[in-house]
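All values derive from a computational prediction rather than experimental measurement. Hydrogens, waters and symmetry mates play no part in the numbers below; they use all other heavy atoms, side chains included.
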Amino acid sequence: MIEQHLFLRTLAGEQTERPPVWFMRQAGRYLPDYMKLKEKYSFFERVQNPDLAREITVMPVDQIGVDAAILFSDILVIAQSLGLKVDMVQGRGPVLETARTQAEVDRLSVEATQDFFKYANPAIKAVKEGLDNRVPLIGFAGSPWTLLCYIVQGQGSKDFGEAKKFIINEPLRAKLLLEKITEATIEYLNIQVDAGCDALQIFDSWGGMLSPEMYSEFSLPYLQRIMAATRERVPIILFAKGAWYALKELQETGAAALGLSWTTPASFARKICGPETVLQGNLDPSILLAKPAAVKIATTKMIDQFGRGKHIVNLGHGVLPQTSVDSARAFVDAAKSYRY
Ligand code: 1CP
């Protein structure tokens, strides 16, 4: 039974025999079979076609042995649902139509969200069928701040300078944009849960780019609203990369678990959040570029640092594209052979 699954038992706060393991961006980029599908179908075909979504989402369960699947999709579907065009450009990453002026932000419509996400229910149902109760399914969304980064910047960036300039120069407009993203995100998360997702993760990938003061103004309030609207339905993991200074506030949102980046020591998070909080993470993804034997040693050492239980093994951010399948397997095997 899926309710008995290690990953969900850990999220519920149970003491388990070993930590469950999955990793961010596990369904894609480093898997040779994924790269073959990538040659044949566009990114959003892979997301929206139920057969492709099922095949890609299930791939790391079959090939790597993870304890949870994460729906194949992208955080940028929220920008699309608000009416902005998003292109995944080979070798460059996502390129988006931006919304920066008052008129552009006013034009974004939350009304169309339900209609845009019509594809999600059949896609998620197909994924659940493919998983056949072997492991639970994680649905996900980006945080409103992280979405604003892309909607204002128009693409990935090392510093998201345009996005930061925008919130400093136009705070009211930024808050209107964040409100719209928040509403669309709540609708989308509910659609994912209705379709059968067993847990959710919110990626605040660029949270750590903000100062603590700016985080409490431009990221946290919107996360709090999303959590209040969805946390009664399924357990939610909050991953705010680099926002170590906000761990206490993130815990108080009612998250079932907090994701840690590799620059946040487990002992620090335990001190802030206490021994009962479930923590997820946090191996440096570049360690998976090492040989399998070295990966296994480093992973075991990382698990030791979290103490006995209340831990979901993961990386501190997404798996790197150059990672070998054998090293990814060594990471998963280290967690699966661990005993408390
Ligand atoms: O065609 C391709 O393979 C393009 C690469 C790709 C993939 C495989 C993109 C473009 N998105 C995805 C899938 C994806 N994205 C998943 C599902 C796969 C899985 O995790 O198993 C998930 C959960 C995401 C989430 C995502 N997208 C985040 C949050 C996680 C993180 O890494 O911080 C972010 C920031 C994005 C934006 C995005 N989408 C794609 C790229 C290359 C990027 C990063 C752009 C940048 O800032 O440089």
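Heavy atoms of other residues, nucleotides or ligands lying less than 6.0 angstrom from NZ of K248 number more than 12. Counting heavy atoms of neighbouring residues, nucleotides and ligands inside a 6.0 Å radius, atom CD of E111 does not exceed 12 of them. A 6.0 Å sphere centred on CD of Q90 holds no more than 12 heavy atoms belonging to other residues, nucleotides or ligands.
Applying the side chain to side chain contact (heavy atoms under 4.5 Å, CB included) rule to A293 yields no partners; only residues at least two apart in sequence or on another chain are considered. Scored by the side chain to side chain contact (heavy atoms under 4.5 Å, CB included) test, A163 finds W145, L148, C149, V152, Q153, F160 as partners (sequence neighbours excluded). Residues satisfying the side chain to side chain contact (heavy atoms under 4.5 Å, CB included) criterion with I191, sequence neighbours excluded, are Q114, F117, A120.
Under a cutoff of 6.0 Å and an axis angle of 45°, K175 and F218 form a cation-pi pair.
Between W262 and M302 there is no side-chain heavy-atom pair separated by less than 4.5 Å. At least one side-chain heavy atom of D106 sits under 4.5 Å from a side-chain heavy atom of L176. The shortest side-chain heavy-atom distance between S205 and H317 falls under the 4.5 Å cut-off.
The CD atom of Q102 sits 10.0 Å away from atom CG of L177, with the distance rounded to the nearest 0.5 Å. Put simply, CG on D204 and OG1 on T146 are 4.0 Å apart, with the number rounded to the nearest 0.5 Å.
With hydrogens and angles ignored, the 3.5 Å screen pairs a side-chain donor or acceptor of K310 with a backbone N or O of G13. A donor-acceptor contact shorter than 3.5 Å is absent between the side chain of R29 and the backbone of Q26. Side-chain atoms of N49 come within 3.5 Å of backbone atoms of D51 as a donor-acceptor pair (strictly under, hydrogens ignored). With E104 contributing its side chain and R100 its backbone, the two residues share a donor-acceptor pair below 3.5 Å.
The closest side-chain donor-acceptor pair between R25 and Y30, if any, does not fall under 3.5 angstrom. With 3.5 Å as the limit, one finds no donor-acceptor pair spanning the side chains of T113 and E187. In summary, the side chains of D326 and S324 do not present any donor paired with an acceptor at a separation below 3.5 Å, with no hydrogens or angles considered. Side-chain contact check for N282 and T264: no donor-acceptor pair (N or O, by modelled atom type) lies under 3.5 Å.
Ion pairing between a basic and an acidic side chain is recognised when a charged N comes within 4.0 Å of a carboxylate O; R92 and D87 show no such pairing.
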Mind running salt bridge (Lys or Arg N to Asp or Glu O under 4.0 Å) on K180 and E183 for me, showing each step along the way?
CA-CA 5 Å; K180 289 189 173 195; E183 275 183 52; over 6 Å; no

* To do: Any chance you could lay out the salt bridge (Lys or Arg N to Asp or Glu O under 4.0 Å) test for E14 and R9, step after step, and finish with the verdict?
  => CA-CA 5 Å; E14 263 183 50; R9 285 198 283 131; 3.4 Å; yes

Practice item. Take D159 and K164 through the test side chain to side chain contact (heavy atoms under 4.5 Å, CB included) and record every step on the way to the result. Key: CA-CA 8 Å; D159 56 14; K164 290 186 75 174; over 6 Å; no

ask   = Step by step, would you call I151 with I181 a side chain to side chain contact (heavy atoms under 4.5 Å, CB included)?
value = CA-CA 10 Å; I151 289 174; I181 297 168; 3.9 Å; yes

